[in-house]
> 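My structure is below; once you've seen it, I'll send some questions.
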Amino acid sequence: MSEQMPPSEAAFTSAVTGAQRRAPSPIWGDEREAVSAALHWAATYAVEGSDPKATMRSADALLADAGETITPQGLGAARALEIFDTILRPATRSTDDPMNLAYIPCAPTRAAVAFDTVVSAANIYGGLWEGGAGAIFAENQALRWIADLLGWPAEAAGVFVSGGTSGNLSALAVAREQARARRGGRPEEGWAVACASTAHSSNVTVAKVLDMTVVEVPIDDAGHLTGPALAAAITQFPNICAVVVSAGTTNAGLVDDIASVVDVAHAHDVWVHVDGAYGGAALAAPSVRHLFDGIEKADSFIVDPHKWLFAPYDCCALLYRDPHAAASIHAQHAAYLDSIDRGESNPSDLAAHLSRRVRGLPLWYSLATHGTDKYSEAIEAGLAASRKVADWIGASTHLELVLEPELSVVLFRRPGWSDADYRRWSRKLALEGTMLCVPTRHAEEMVLRLAFVNPDTDPDHVIAVLDQTMRRPPAEL
């Protein structure tokens with residue numbers, strides 16, 4: 001293999017192979033070739049460009065090319081890596097391409113991507129301080145930075161979980177059990193959680209898992225959940241024990257009226273959980289920090305660093321103003337766990353999990369490397385790009401802006417186009433590798449949506465694509 005590689009790659013592989021001093025395993029044998037090949041691929045890909053924007057293939061097509069990969073005798077490292085590199089990876093979609101503006105992209109720093117390989121290589125158990133003290137200490141410093149952005153007290157604490165759904169589940173489980181303790185048991189009609197129709201779908205799923213009813217609270221004319229609307233809902237449904245506030249809705253990037261919601265909720269002994277999976281990162285952006293006023297009084301909060309805090313999948317930061325409330329619900333006790341030091345930070349006590357990798361370390365490494373000022377700058381770049389594109393759309397003669405962006409999501413329409421036209425346009429640009437922009441629905445109308453989170457996205461490039469491709473009549477798509 002090394003004879004076919006450029007000299008620098010051959011040197012890397014040789015160095016990695018030479019650094020492996022572990023004796024061959026009686027079961028696995030000598031794995032140096034497998035390790036060297038995998039680490040060489042990871043080191044190369046960590047700094048390479050992005051993949052194409054639309055590369056999904058059917059399972060039948062993949063099977064035809066890859067064949068059965070799990071066999072009694074194994075394929076060997078070279079063949080396994082070849083299948084991954086030439087067949088499996090190309091059948092995925094890049095999330096960090098600057099022109100991937102669909103859903104909520106993931107645009108991690110190269111430092112964070114590279115450090116994710118360190119996390120895997122270190123193989124640290126991150127559930128208990130006893131086994132992962134150093135790594136958990138670093139994770140906690142990253143969590144403290146987020147808590148400071150929230151304006152939360154020194155005793156606030158949290159944990160990194162896999163994603164927003166997991167974070168919402170753990171937080172609302174604490175809310176439910178706190179209500180049970182304070183209100184003297186479960187009400188006859190069961191518990192309910194209040195949220196707007198614009199809240200993320202994961203909250204509905206979580207409510208089902210927790211056996212809670214969802215009370216949908218009407219939004220105001222600007223699309224926000226407000227305190228007065230929540231007050232009316234609580235009057236009608238006194239079994240509401242928690243409210244989910246959106247700090248940046250996924251579909252439109254809107255921030256609910258957090259301050260008024262918190263005041264009403266706490267007046268009625270209702271827990272306030274802030275779902276900032278996407279938009280919570282904008283707490284670090286001075287230009288929009290005022291949109292989050294009131295968040296300093298919330299009870300729990302999530303933000304996904306794999307969305308707008310430039311970390312790789314999978315990573316959600318879950319924080320509690322009072323972590324003791326969470327520990328009273330989530331801490332696990334068993335004979336073999338009796339010797340655990342409960343005086344230290346045990347991440348397993350703060351969410352519905354026990355085993356966990358230290359998934360917050362890539363964020364920590366990138367923050368430690370670049371500094372928080374760079375993070376603010378990167379988030380402001382996404383906000384500025386969204387404003388520039390929105391302003392151009394608003395001034396154009398062939399497009400219409402649906403909403404003024406509050407954060408970094410831009411919704412717009414092309415008058416005269418049908419739903420089929422939108423889909424045809426979106427698919428054509430994706431297959432060409434030009435731009436990924438998929439339709440969505442807003443107020444029961446199909447529109448187009450752009451999500452700006454990658455600081456490498458050039459708004460002028462986006463404008464040029466919209467100008468060149470959306471002036472054409474549908475028949476020419």
Side-chain angles (χ1 to χ4, degrees), residues 101-104 163-165 167-169 171-172 175 192-208 212-234 236-237 240 242-262 264-265 270-283 288 291-295 298 300-304 307-308 316 383 386 390 401-413 438-453:
L101 303 170
Y103 313 109
I104 299 293
T165 299
N168 290 338
L169 172 66
L172 290 179
V193 57
C195 63
S197 60
T198 50
H200 193 270
S201 58
S202 65
N203 291 290
V204 175
T205 298
V206 163
K208 292 178 182 177
M212 299 169 73
T213 302
V214 175
V215 174
E216 188 174 299
V217 182
I219 54 178
D220 66 11
D221 291 341
H224 305 124
L225 175 65
T226 65
L230 175 63
I234 293 174
Q236 185 177 359
F237 300 96
I240 291 175
V243 56
V244 176
V245 187
S246 294
T249 58
T250 304
N251 200 45
L254 302 178
V255 181
D256 287 335
D257 185 359
I258 300 173
S260 71
V261 169
V262 171
V264 168
V270 169
W271 180 284
V272 178
H273 174 60
V274 180
D275 184 345
Y278 145 64
L283 285 162
V288 294
L291 296 177
F292 302 91
D293 287 351
I295 203 167
S300 56
F301 169 81
I302 65 159
V303 62
D304 286 350
K307 288 187 169 70
W308 207 4
C316 169
L383 293 165
S386 67
L401 191 65
V402 174
L403 290 173
E404 287 291 338
E406 290 185 0
L407 295 179
S408 65
V409 173
V410 176
L411 298 182
F412 67 103
R413 64 172 64 89
V438 299
T440 188
R441 289 204 171 271
H442 176 78
E444 301 183 358
E445 174 194 9
M446 181 172 281
V447 297
L448 290 168
R449 174 182 173 278
L450 300 167
F452 293 88
V453 299

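In what follows, residues are counted from 1 in the order of the sequence shown. The figures here come from the full heavy-atom set of this structure, side chains too, leaving out hydrogens, waters and symmetry mates. These numbers were taken from a predicted model, which means no experiment stands behind them.
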> Work out which heavy atom in Leu172 is nearest to a heavy atom in Ala242; give both atom names and the distance.
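Leu172 and Ala242 have their closest heavy atoms at CD2-CB, 3.9 Å.
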> Donor-acceptor pair, distance only, cut-off 3.5 Å: does the side chain of Arg449 make one with the backbone of Val410?
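Such a contact is absent between Arg449 side chain and Val410 backbone.
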> What's the spacing between Thr440 OG1 and Met446 CE if we round to 0.5 Å?
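Thr440 OG1 to Met446 CE: 8.0 Å, rounded to 0.5 Å.
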> Less than 4.5 Å apart, side chain to side chain, heavy atoms only: is that true for His224 and Ile219?
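Contact flag for His224/Ile219 side chains = no.
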> Kindly give the heavy-atom pair with the smallest separation between Cys316 and Asp304, and that separation in Å.
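Distance-wise, the nearest heavy atoms are CB-OD1, 3.1 Å.
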> Step by step, work out the side chain to side chain contact (heavy atoms under 4.5 Å, CB included) result for Trp271 and Val243.
CA-CA 6 Å; Trp271 180 284; Val243 56; over 6 Å; no
> Does Val245 reach the side chain of Val272, with side-chain heavy atoms less than 4.5 Å apart?
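A side-chain contact under 4.5 Å exists here.
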> Please confirm whether the backbone N or O of Val255 pairs with a side-chain atom of Glu406, one donor and one acceptor, at under 3.5 Å?
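It does hold such a pair.
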> Roughly how far apart are Asp293 CG and Leu291 CG, rounded to 0.5 Å?
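It is 8.0 Å, given to the nearest 0.5 Å.
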> Ignoring hydrogens and angles, state whether a donor on the side chain of Ser202 or His200 is under 3.5 Å from an acceptor on the partner side chain.
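There is such a pair (donor and acceptor under 3.5 Å, judged by atom type) between the side chains of Ser202 and His200.
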> Is there a donor-acceptor pair under 3.5 Å between the side chain of Asp256 and the backbone N or O of Leu225?
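Yes, Asp256 side chain to Leu225 backbone: donor-acceptor pair under 3.5 Å.
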> Hey, mind stepping through Val409 and Asn251 against side chain to side chain contact (heavy atoms under 4.5 Å, CB included) and telling me if it holds?
CA-CA 8 Å; Val409 173; Asn251 200 45; over 6 Å; no
> Let me confirm one number: the OG1-CD1 distance from Thr226 to Ile258, rounded to the nearest 0.5 Å.
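That separation rounds to 13.0 Å.
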> Where is the tightest heavy-atom contact between Gly248 and Tyr278, given as atom of each residue plus distance?
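Smallest heavy-atom distance, with atoms named: O-CD2, 3.6 Å.
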> May I ask you to decide if Gly223's main-chain N or O and Asp220's side chain share a donor-acceptor pair within less than 3.5 Å?
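Yes, because the side chain of Asp220 sits within donor-acceptor range (under 3.5 Å) of the backbone of Gly223.
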> I'd like to know if the side chain of Ser246 reaches the main chain of Gly276, judged simply by a donor and an acceptor atom lying under 3.5 Å from each other, with no hydrogens or angles considered.
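No; zero donor-acceptor contacts below 3.5 Å.
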> To the nearest 0.5 Å, what is the distance between OG (Ser408) and CG (Leu101)?
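The OG atom of Ser408 sits 10.0 Å away from the CG atom of Leu101.
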> Using a 4.5 Å cut-off on heavy atoms from C-beta on, say whether the side chain of Val193 contacts that of Val244.
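They are in side-chain contact.
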> State whether a side-chain donor-acceptor pair under 3.5 Å links Thr165 with Asn168.
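Thr165 vs Asn168: no donor-acceptor pair found between side chains.
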> What are the two closest heavy atoms between Val264 and Gly227, and how far apart are they?
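Residues Val264 and Gly227, closest heavy atoms: CG2-O, 3.5 Å.
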> Okay, side chain of Asn203, backbone of Cys195: is any donor-acceptor separation there less than 3.5 Å?
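Between the backbone of Cys195 and the side chain of Asn203 there is no qualifying donor-acceptor contact (under 3.5 Å).
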> Could you go through the side chain to side chain contact (heavy atoms under 4.5 Å, CB included) check for Ile302 and His273 one step at a time?
CA-CA 8 Å; Ile302 65 159; His273 174 60; 3.8 Å; yes
> Could you go through the side chain to side chain contact (heavy atoms under 4.5 Å, CB included) check for Phe452 and Leu407 one step at a time?
CA-CA 9 Å; Phe452 293 88; Leu407 295 179; over 6 Å; no
> Hey, what do you get for CZ (Phe412) to CG (Leu403), rounding to the nearest 0.5 Å?
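It comes to 13.0 Å.
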> Is a donor on one side and an acceptor on the other found under 3.5 Å between the side chain of Thr213 and the backbone of Ala192?
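Pair absent, no side-chain N/O of Thr213 close to backbone of Ala192.
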> Are Ile104 and Trp308 close enough that some pair of their side-chain heavy atoms sits under 4.5 Å apart?
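No, every pair of side-chain atoms sits at 4.5 Å or beyond.
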> May I ask you to decide if Thr198's main-chain N or O and Thr249's side chain share a donor-acceptor pair within less than 3.5 Å?
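Answer holds: no.
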> How long is the gap from CG on Leu230 to CD1 on Ile240, to the nearest 0.5 Å?
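Taking CG in Leu230 and CD1 in Ile240, the distance rounds to 6.5 Å.
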> Give the minimum heavy-atom separation between Val204 and Val214, together with the two atoms involved.
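It is CA-CG2, 4.3 Å.
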